[in-house]
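This report refers to the structure that appears directly beneath it.
Lettering of chains follows the sequences in order, A, B, ..., and the numbering in each one begins at 1. Since we're looking at a predicted model, the values are computed, not measured.
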Number of protein chains: 2
Amino acid sequence: MTVRTHTKTRAKGEAAFDEPAEEIDIGPLSRMIGYALRRAQIAVFEDFIASLAEVNLRPAQFSVLLVLDRAPGSTQSAVATALGIKRANFVAMLDELESRGLAERKLSVNDKRSNAIFLTVHGRKTLARARALALQHETRQIARLGDDGLDTLLRLLGRLSAR
Amino acid sequence: MTVRTHTKTRAKGEAAFDEPAEEIDIGPLSRMIGYALRRAQIAVFEDFIASLAEVNLRPAQFSVLLVLDRAPGSTQSAVATALGIKRANFVAMLDELESRGLAERKLSVNDKRSNAIFLTVHGRKTLARARALALQHETRQIARLGDDGLDTLLRLLGRLSAR
DNA sequence: TATTGTTATACTCTATAACTATA
DNA sequence: TATAGTTATAGAGTATAACAATA
């Protein structure tokens, strides 16, 4: 698609204040870290979502299944906090995973306030398939980054995320 | 803050399937590109928003002012497309910038369907201050990245965003 | 008193369809 | 027919306050 700006019919080569070039060059914006990060994140998430379409898992849902597999029996608060999700917002997320038969809440016997969360058998099977798909996605991104681009990128991103 | 998971009172050193460690380690997630990108983007945007609090400009609003300064008289569609914003969503954004006296729509004489967008004098003054604040923010992020971290990061992010 | 899960709510961002006036 | 701006609307994602049950 071609991006055009406001333009008058005008003799060739002639310039005017209110008539920018046909396509807008965003200029210094493309060298700003936040902007570049946002564009890259959108592109990578798009590829991730398309890659996992078969299992219908969004990035956040996949991350929850991964954590539940690593730390089965965790409370909702623990999982939510580990992933940077507010516990209030985690309720609906878990509701959906549970309604899809991927995870389940079990009443805790020790602390009756909390639920212990587990993957179901179906959840584990789905996660296994999701992992394979995510690996393909990841491999594709790593290939784009080139030789030791991954380690370098993760190191730099870690410095920005710290604190 | 300490993240705790579901835990029973239990003799020291004893392990159990449904009792994960006190804090959940997200594990392989931290080495996934999309996840690392998201965390970094959130951290950088947070710093950006705090840095520009004085002028009350969000990242997207700042980017619009930057583009208008570079390409005054551009149409709404051109600006929106250049920044990856849907033109329908750009209407309310511009409404706010206009109501704050930062930008203005002018009826185009050549094509009466479109508006030519300009910064106001106040918009230019605000942008000048915003640029100074954004530069401080950017300098802080660059310092975190270390020696030639910026060029490396932008090169890698560009490879992920391509297409 | 503090915490867990929950509900209600609101605000931002994003996406699509459809209208109008112009081209 | 197609495009620019607009409206309406819906869906994610995220944030806060408050409540009941339990610690």
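Both A:Arg87 and A:Ala60 sit near DNA chain D, but only A:Ala60 has its closest nucleotide nearer the 5' end.
Listed by chain and number, the residues in a side-chain contact (heavy atoms from CB on, under 4.5 Å) with A:Asp95 are A:Val91, A:Arg105 (sequence neighbours excluded). With sequence neighbours left out, the side-chain contact (heavy atoms from CB on, under 4.5 Å) criterion links B:Leu135 to B:Thr139. With sequence neighbours left out, A:Arg100 forms a salt bridge (charged side-chain N to carboxylate O under 4.0 Å, His left out) with A:Glu96. Residues passing the ring pair (Phe, Tyr, Trp, His ring centres under 6.0 Å) test with B:Phe48, sequence neighbours excluded: B:Phe62, B:His137. With sequence neighbours left out, B:Asp69 forms a side-chain contact (heavy atoms from CB on, under 4.5 Å) with B:Leu119, B:Arg124, B:Leu127, B:Arg131. Applying the side-chain contact (heavy atoms from CB on, under 4.5 Å) test to B:Glu54 and every residue at least two apart in sequence or in another chain returns B:Arg129, B:Leu133.
Look at CZ on A:Arg105: it is 16 Å from C1' on D:dA21, rounded to the nearest Å. Atom P of nucleotide C:dT12 and atom CZ of A:Arg38 are separated by 16 Å, given to the nearest angstrom. Distance A:Gln41 CD to C:dT14 P: 10 Å, rounded to the nearest Å. Taking atom NZ on B:Lys86 and atom C1' on D:dA4, their separation rounds to 16 Å, with Å as the unit. A:Glu46 places its CD atom 12 Å from the C1' atom of C:dA15, with the value rounded to the nearest Å. The distance between atom CG of A:Leu107 and atom P of D:dA23, rounded to the nearest whole Å, is 11 Å. Rounded to whole Å, the distance from NZ on B:Lys106 to P on D:dA4 is 21 Å. Between the CD1 atom of B:Ile42 and the P atom of D:dG13 there is a distance of 12 Å, given to the nearest Å.
Grouping Ile, Leu, Val, Met, Phe, Trp and Tyr residues whose side-chain heavy atoms lie under 4.5 Å apart, directly or via other members, places A:Val44 in a hydrophobic cluster with A:Ile33, A:Leu37, A:Ile142, A:Leu145, A:Leu150, A:Leu153, A:Leu154, A:Leu156, A:Leu157, A:Leu160, B:Ile33, B:Leu37, B:Val44, B:Ile142, B:Leu145, B:Leu150, B:Leu153, B:Leu154, B:Leu156, B:Leu157, B:Leu160.
Here B:Arg38 contributes atom CZ and A:Phe45 contributes atom CZ; the two are 6.0 Å apart, rounded to the nearest 0.5 Å.
Inspection of the A:Arg113 and A:Thr75 side chains reveals no N or O donor paired with an N or O acceptor under 3.5 Å.
Listed in residue order, the members of residues 88-101 of chain B having a heavy atom less than 4.0 Å from DNA chain D are B:Ala88, B:Val91.
When the nucleotides C:dT12, C:dT16, C:dG5 are ranked by their closest atom to the side chain of A:Gln76, C:dG5 comes out on top. In the set C:dC13, D:dG5, C:dG5, D:dG5 carries the atom at the smallest distance from any side-chain atom of B:Asn115.
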Within the sub-3.5 Å range, which N or O atoms of nucleotides 20-23 of chain C have a protein N or O partner, and how far apart are they?
{"residue": "C:dA23", "atom": "OP1", "partner": "B:Lys112", "partner atom": "N", "Å": "2.8"}

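In this model, the phosphate group of D:dT22 is not approached by any side-chain N or O of A:Ser114 to a distance below 4.0 Å at OP1 or OP2.
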